[in-house]
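A short worksheet on the structure shown next.
Numbers here simply count residues along the sequence, with the first being 1. In listed order, ligands and their atoms are each counted from 1.
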Amino acid sequence: MVDNNSTEIKKEKHLTKNDYINHFNPTVYLNQFFVVQNTNLPTTVNDFFISVVIKVLHEHKNKLQGKQRVLEFGCGPVLEGALLLAQYFNEIWLCDYAPLNLQLIQEWKDNKLSAFDWKPYFNFILDKIPQDNRKNLVEYEAKLRQALINGKLFRCDVNGDNSLFVDCDEPEDKFDMIYTKLCLEAACSTYDVLQRTINRFTDLLKPGGILLICSCRNSTVYDVDNYSFRVLPINEEIIRTAFVKTGKLTEPICMSDDNGMHPSDRGDGVMINYAFKT
Ligand SMILES: C[S@@+](CC[C@H](N)C(=O)[O-])C[C@H]1O[C@@H](n2cnc3c(N)ncnc32)[C@H](O)[C@@H]1O
């Protein structure tokens, strides 16, 4: 009996899934990647993303500060990017494909006792902000909660026929920024869907708005719990070409970091690409 179970689990682990509604466990995901004592590779990955996003936001602060609206696409159950974005924008619109992910965000927004405890991870983020620029955690959290209250929480789908938004109207006066992390390579099953999604992001931006995409590079798979999720392999050139093909974005700026693990189906590094809508 026990042997049978473990064989089943082993079998599942080798199955590559792309079913985020039935197989993505947000609590396991948060415990795997967003608990600070965890010293495995994803923490290093998050380290790169956080440091670069802090730098980019600070570099463009005159353009961004006090702007109205940012969209985080494919946020999962995660408030890492939102904490930083909330310091610049009045409204955060967070969306994800899996309703359970949105439920976990809602619990934190509502200050529920059952909510994931983000404080240790938020402190880990704040430690990366230069001291002269840093406020205290209470102020950061208050800004985040207010930006979430001002914004929206809703479902999205890269495979939507007419829109990326599910059960939510696109805003009439568009977004000042679109941010997405580790979503496109997980959500898009083909390069055509990736291109269409980047085109749609561009259409959702105001002129001068910024599109910033955090990705893993050349990865084909990642694991959460007992499941392996399929990933569309992407690299700097694929993203650069997709940005250029929109015909509406400036030449992207790319920052990347090798993880020294090549060749591997877990990828050979991480990257951030960003550009402005012309
Ligand atoms: C690896 S997680 C990334 C989550 C989060 N952004 C982070 O930083 O950890 C991939 C996310 O893509 C979302 N996703 C999967 N299929 C999608 C689809 N068809 N459209 C939009 N998002 C999708 C999943 O629900 C999941 O939250």
Pairs of nitrogen or oxygen atoms closer than 3.5 Å, one from [X] and one from ligand 1: do any exist?
X	value
Y29	yes
V158	yes
A187	no
Y222	no
D96	yes

[X] atom [atom1], over 12 foreign heavy atoms within 6.0 Å:
X	atom1	result
D167	CG	no
D173	CG	yes
K55	NZ	no
K245	NZ	no

Short list, please: which atoms of ligand 1 are under 4.0 Å from a heavy atom of [X]?
X	result
L182	1 (C), 2 (S), 3 (C), 10 (C)
C75	4 (C), 5 (C), 6 (N)
V78	7 (C), 9 (O)
N101	25 (O), 27 (O)
G74	4 (C), 5 (C), 6 (N)
C183	12 (O), 22 (N)

Partner of Q87 under side chain to side chain donor-acceptor pair (under 3.5 Å), picked from H58, K135, K61, is K135
* Should the pair R155 and F165 be classed as cation-pi, given the thresholds of under 6.0 Å to the six-membered ring centre and 45° from the axis? -> no
With a distance cut-off below 6.0 Å to the six-membered ring centre and an angular limit of 45° from the axis, does K119 pair with Y121 as a cation-pi contact? no
The single option from F89, F201, W93, F73 that satisfies ring pair (Phe, Tyr, Trp, His ring centres under 6.0 Å) with F175 is W93
query: When you look at F34 and F116, which way does the ring-ring contact (aromatic ring centres under 6.0 Å, His included) test go after all the steps?
result: CA-CA 10 Å; F34 297 92; F116 181 76; 7.6 Å; no
Nearest to [atom], what protein heavy atom do you find, and at what distance?
atom	value
atom 19 (N) of ligand 1	D157 OD1, 2.9 Å
atom 23 (C) of ligand 1	Y97 CB, 3.3 Å
atom 8 (O) of ligand 1	K181 NZ, 3.1 Å
atom 24 (C) of ligand 1	Y20 CD2, 3.4 Å

Partner of E91 under salt bridge (charged side-chain N to carboxylate O under 4.0 Å, His left out), picked from K152, R69, K67, is R69
> Counting heavy atoms only, which part of T180 comes closer than 4.0 Å to ligand 1: side chain, backbone, both or neither?
Replying inline: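 The answer is neither; T180 stays 4.0 Å or more away.
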